[in-house]
Structure formats: structure tokens, C-alpha cells
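Note that the structure is a prediction, hence the values are computed from the model and not measured. In each ligand, atom 1 is the first atom listed, and ligand 1 is the first ligand listed.
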Amino acid sequence: MLNIALPKGRLGNKVYELFESIGYDCDEIKSDNRKLIFENPDKKIRFLLVKPSDVAVYVEKGSADIGVVGKDILLEDNPDVYELLDLGFGKCKFGIAGPVNFKENFDRPLVVATKYFNVSKRYFDSINRDVELIKLNGSIEIAPILELSDVIVDIVETGTTLRENHLKVLNFIGDISARLIANKSSYRFNHDKIENIVRKIKDKIDKTDKK
Ligand code: PRP
């Protein structure tokens, strides 16, 4: 059995469609239930549904052989895995955002709220800007409204969350999309099986690009 960690939630549906399109039935995953493990004995694979931010943990530790994860998580957590393929969906950007009337005060450190502590630290270090970083776990957009922070660093997809909270992007600092990753030793041991999946996904992406 090849264990494949897939993200639940927003990215999930696109990922299940991708695996269906290359011949792995995902009907049961898409049906409304609370199961987290789905086996396909004929195809010798097992899907594990996990939190998007945990996919790389399961793959790095070897509980899953391969997985699908957002590049945002890879940049933040820097897991020791192989990144095999850019899947070309789940596209969004890292953005610095602040109130629509934001004026930066360069006489003091910029206060930044974010889920992406490491990404933010690297960025602000690279431009030599002193910051105070505040780590939050979600609903980051509230932080500047309540004056917990001056700005936020977060992912922006449609921009709706920012607009609806009277914030605007001040600067985009990186592109994100879904990536196929593999456990390093599993990639060696299961090379043919994994490369077979990679080839099917590549063919699928190429065909979609040509449409
Ligand atoms: C993410 C992100 C933004 C939102 C951006 O949050 O943190 O809040 O999506 O998407 P948009 O540009 O299309 O509005 P998510 O829904 O993952 O929930 P969270 O706030 O709990 O992180």
C-alpha cells in the first residue's frame, strides 16, 4: 500500500479531482462523512485526510509516502521532503496587508501579525526592516483592526477577506501553489510506483495546459 496524505478543506476538493482524473476513485472521500482513511486495495493505495498544515509532517516522518501540500507550508516549515511537482492549482500569494489608510512609521519596529512567522522573519530581515512578529493561528485580518498589529502577512487568494475587513495589500512577497511531495527514503524504495503517479499527473497537467 502506498500512503498518500491529502489536505482537507479548500485545497482538498481540487486534489481529489486530480486523483480521480488519473484513475483513483475518490467518491467516498467526497461524500459527506467523517472518515479520515480511505483504502483502494485494487490500486494498492491508501488516502489519509489530514489538516493541510500537517501533510508535510506525515510525509517527512514516513507515515505517508507522498502528499499534496501548499508551497506556503513548505516555505514556513521547511520539511525534509522531496518536492516532486508543482500542481499548478491552489494558486495564491503571500501578501503584506494593512488598513486602507495605512502610513508606515519608520521610527519604530513594524508590528506584524501572521501565521507565517518564518516566512515573515526572512522577508523583513531581507529588507533590513525591524519588526515585532506576533504569531496567530487564523482570522489574522482582525489583528490590525483591533490595533494588535500594524500589518499582517497572510495568503491572499481572491482578496475578499481583505476587502471585507477594510484592508488592502501593501506588497506581494511570494507566489504559492499546491505541490506533490515525497518522503525521501520512501521515494527510493517505491520509486517506480511514485514515478508512475508523477507521470500520470504530469500528463494530466500538460493536457489541461494545452486546452
Ligand atoms: C485564508 C487566509 C485568508 C483567506 C484569503 O484563510 O488566511 O484569511 O484565506 O483568501 P481570500 O483572499 O480568497 O479571501 P483560511 O480560510 O484558510 O482561514 P484562517 O483565517 O483560519 O486561516
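No donor-acceptor pair closer than 3.5 Å links the side chain of D86 to the backbone N or O of R179. Distance alone, capped at 3.5 Å, places no donor-acceptor pair between the K115 side chain and the G138 backbone. Using modelled atom types, no side-chain atom of N165 and backbone atom of L167 make a donor-acceptor pair closer than 3.5 Å.
With ligand atoms numbered from 1 in the order given, ligand 1 contributes 2 (C), 3 (C), 5 (C) to contacts under 4.0 Å with heavy atoms of I155. Taking a cut-off of under 4.0 Å to the non-hydrogen atoms of T161, the atoms of ligand 1 that pass are 4 (C), 5 (C), 8 (O), 10 (O), 11 (P), 14 (O). The contact set between ligand 1 and D154, taken as ligand atoms under 4.0 Å from a residue heavy atom, comprises 2 (C), 3 (C), 7 (O), 8 (O). Atoms of ligand 1 found under 4.0 Å from any heavy atom of T158, numbered from 1 in the order shown, are 11 (P), 12 (O), 13 (O), 14 (O). In summary, the atoms of ligand 1 found under 4.0 Å from a heavy atom of E141, numbered by their order in the structure, are 3 (C), 8 (O). Taking a cut-off of under 4.0 Å to the non-hydrogen atoms of S139, the atoms of ligand 1 that pass are 19 (P), 20 (O), 21 (O).
Remark: distances from the non-hydrogen atoms of R10 to ligand 1 include one below 4.0 Å. Within the 4.0 Å heavy-atom shell around ligand 1 one does not find I140.
Residues passing the side-chain hydrogen bond (donor to acceptor under 3.5 Å, both in side chains) test with K184, sequence neighbours excluded: D80.
I29 and F89 fall within a single hydrophobic cluster, where Ile, Leu, Val, Met, Phe, Trp and Tyr side chains are chained together by heavy-atom contacts under 4.5 Å.
Residue contacts with ligand 1: K115 is placed with a nitrogen or oxygen under 3.5 Å of a nitrogen or oxygen of the ligand (distance criterion only).
A cation-pi contact, defined as under 6.0 Å to the ring centre and within 45° of the axis, links K43 to Y24.
In this structure, P52 and V69 have side chains that are not in contact, with every pair of non-hydrogen atoms separated by 4.5 Å or more.
For atom 8 (O) of ligand 1, the protein comes within 4.0 Å by at least one heavy atom.
Among residues at least two apart or in separate chains, side-chain hydrogen bond (donor to acceptor under 3.5 Å, both in side chains) pairs with a member in residues 88-112 are K93-D175, E104-R129, R108-D150.
Of the protein's non-hydrogen atoms, the one nearest atom 21 (O) of ligand 1 is G138 CA, 3.8 Å.
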